[in-house]
There are 2 protein chains.
Amino acid sequence: MAVPRAAKTQRRTRIQGEKEELILEAALDVFSVSGFRGTTIDQIAEAAGMSKPNLLYYFRTKEAIHRQLIDRVLFTWLEPLRAFNAEGNPESEIRSYIRRKLEMARDFPRESRLFANEVLQGAPHIEDELKGPLKELVDEKAEVIRAWARAGKIAKCDPYHLIFSIWSTTQHYADFDVQVRAVLGQSYAGEGRFEDAARFLEQLFMDGLRVRTS
Amino acid sequence: MAVPRAAKTQRRTRIQGEKEELILEAALDVFSVSGFRGTTIDQIAEAAGMSKPNLLYYFRTKEAIHRQLIDRVLFTWLEPLRAFNAEGNPESEIRSYIRRKLEMARDFPRESRLFANEVLQGAPHIEDELKGPLKELVDEKAEVIRAWARAGKIAKCDPYHLIFSIWSTTQHYADFDVQVRAVLGQSYAGEGRFEDAARFLEQLFMDGLRVRTS
DNA sequence: GTAATGTTTTACCAACCGGTCAAATTATCG
DNA sequence: CGATAATTTGACCGGTTGGTAAAACATTAC
């Protein structure tokens, strides 16, 4: 007799781990393009190379898959911000934050789009996480930035909007990739656009934040 | 006998104009939140206060509604960029472009999200418009910016990434509104965040573009 | 081996979805 | 008014969707 699914967390088999990972990988592909409602279980199952009932043996509902993906993304997504170091050199901290966020947009575009889809649709599944852990982390780092400005190490500016603008400019290259490619044309079929973007953003933010002695 | 729908463009009645507008308004509400696939005709019909077959009397398919909305948005969305004037003062042209884009994010968030949803999902319905008219317009304005830089009127920078960063930072306040509100907290329940954002973005871009004489 | 447990498949269902049809109702115009 | 055209409705349809039940099959432990 099959173990009821509620007990699955007690004993994990080799196959369970493998298949669950396979499903999450496939689901990320589909969810990140089609959003939650636009994605069907069949699509995920096909992408994972298994039948729908088989998939539903590992995840009871479509929501369960989505929730697990969102939870993971939410965690890794904030990694660069967490690494933001109050003791470090302000300029290089901000510079490397921008660079790391841009690298994530390049290397994990599906994760970025999954998150964008979710927030765009009103963040129905993660409202609490946004208002809780996310807000607290941003509050903390905003205070760091504000302290740097007070100490005259960088130009005075609103730290929250600074963070928003770093998020938006970097994630743009993942979320609006189709548009970026369309506008830049075939000459940017490779990944040169990410290097150009890095140069541009670095200049933009660094010049804007440099303390003006005039 | 009812006029076949193909002939509708020939004679337009009062009711037709009113109802079509009503439907498009309702559809914008739903599409902008749920995306194309996530939206059902029933949802639009209910939001428009009519039955599904009644709605389908005015628009033959769900695609038809979506297409018309997208076409409208695409046009008005580029209005600020079109207004970009090569003969004007570089600094004030860029400054007012930023301001106008931010005003659009504030006043037409649904339109912004409709567009974002579409691009995020790979722009299946508007790929041609992106690669054609949009690219041409951006190419033209990018050349203007490049000329300004060559003439020493603004700092040298990649004009395409400059435009991308203006798009992303301004639209962020519409597309990621939930997140922005969550992070800023209740103190920003009103629209003060748009004024703060305007101040911040103006400083960021203007300082970054100002010609450095050092 | 064999029994217990874990995995996969086949068949299925009720709800929903986009869309049609024909009849009923309402507005327009002479 | 009456006729004609425009609008609205309810009943319906084939296909899809999220999810279930149960039996067949595979794996593991003894």
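Side-chain atoms are counted along with the backbone in the values below, which use heavy atoms only and exclude waters and symmetry mates.
Comparing atom distances between the B:Pro53 side chain and each of C:dC21, D:dG19, D:dT8 picks out C:dC21 as nearest. For A:Lys52, taking side-chain heavy atoms from C-beta onward, the closest of the listed nucleotides D:dT9, D:dG18, C:dG18 is D:dG18. For A:Glu63, the listed nucleotide lying nearest its side chain is D:dG19; candidates were D:dG19, C:dG19, D:dT9. Across C:dT7, D:dT20, D:dT7, the shortest atom-to-atom separation from the side chain of A:Gln16 is found for C:dT7.
Rounding to whole angstrom units, CG of residue A:Leu56 and P of C:dA11 are separated by 18 Å. As a whole-Å value, the separation of B:Tyr58 OH from C:dT20 C1' is 17 Å. Rounded to an integer number of Å, the gap from CG of B:Leu55 to P of C:dC17 is 14 Å. Straight-line distance from the CD atom of B:Glu18 to the P atom of D:dA6: 16 Å, rounded to whole Å. Distance, B:Lys62 NZ to D:dT16 C1': 12 Å, rounded to whole Å.
DNA chain C is contacted by B:Thr39, B:Thr40, B:Ile41 of residues 38-48 of chain B, taking any non-hydrogen atom closer than 4.0 Å.
Counting any heavy atom pair closer than 4.0 Å across all strands shown, A:Lys19 reaches sugar-phosphate atoms only and no base atom.
Checking the phosphate oxygens (OP1, OP2) of C:dT7, no side-chain nitrogen or oxygen of A:Asn54 falls inside 4.0 Å. Checking the phosphate oxygens (OP1, OP2) of D:dT17, a side-chain nitrogen or oxygen of B:Arg37 falls inside 4.0 Å. The phosphate of C:dT8 has neither OP1 nor OP2 within less than 4.0 Å of any side-chain N or O from A:Ser51. Taking only side-chain nitrogens and oxygens, B:Tyr57 never comes nearer than 4.0 Å to OP1 or OP2 of C:dG19.
Checked against A:His66 for a ring-ring contact (aromatic ring centres under 6.0 Å, His included), the options A:Phe115, A:Phe36, A:Phe59 give a single hit: A:Phe36. Put simply, the residue from A:Asp29, A:Val30, A:Val33 that forms a side-chain contact (heavy atoms from CB on, under 4.5 Å) with A:Gln43 is A:Val30.
At least one side-chain heavy atom of B:Arg99 sits under 4.5 Å from a side-chain heavy atom of B:Glu103.
Using cut-offs of 30° and 60° on the angle between ring planes, the pair B:Phe176 and B:His172 is parallel.
Contact check on B:Glu25 versus B:Arg110 returns a salt bridge, with a Lys/Arg side-chain nitrogen under 4.0 Å from an Asp/Glu carboxylate oxygen.
The cationic group of B:Arg146 does not satisfy the cation-pi geometry with B:Tyr160, failing either the under 6.0 Å distance to the six-membered ring centre or the 45° limit from the ring axis.
From B:Tyr173, atom OH reaches atom CG of B:Leu201 across 5.5 Å, with rounding to the nearest 0.5 Å.
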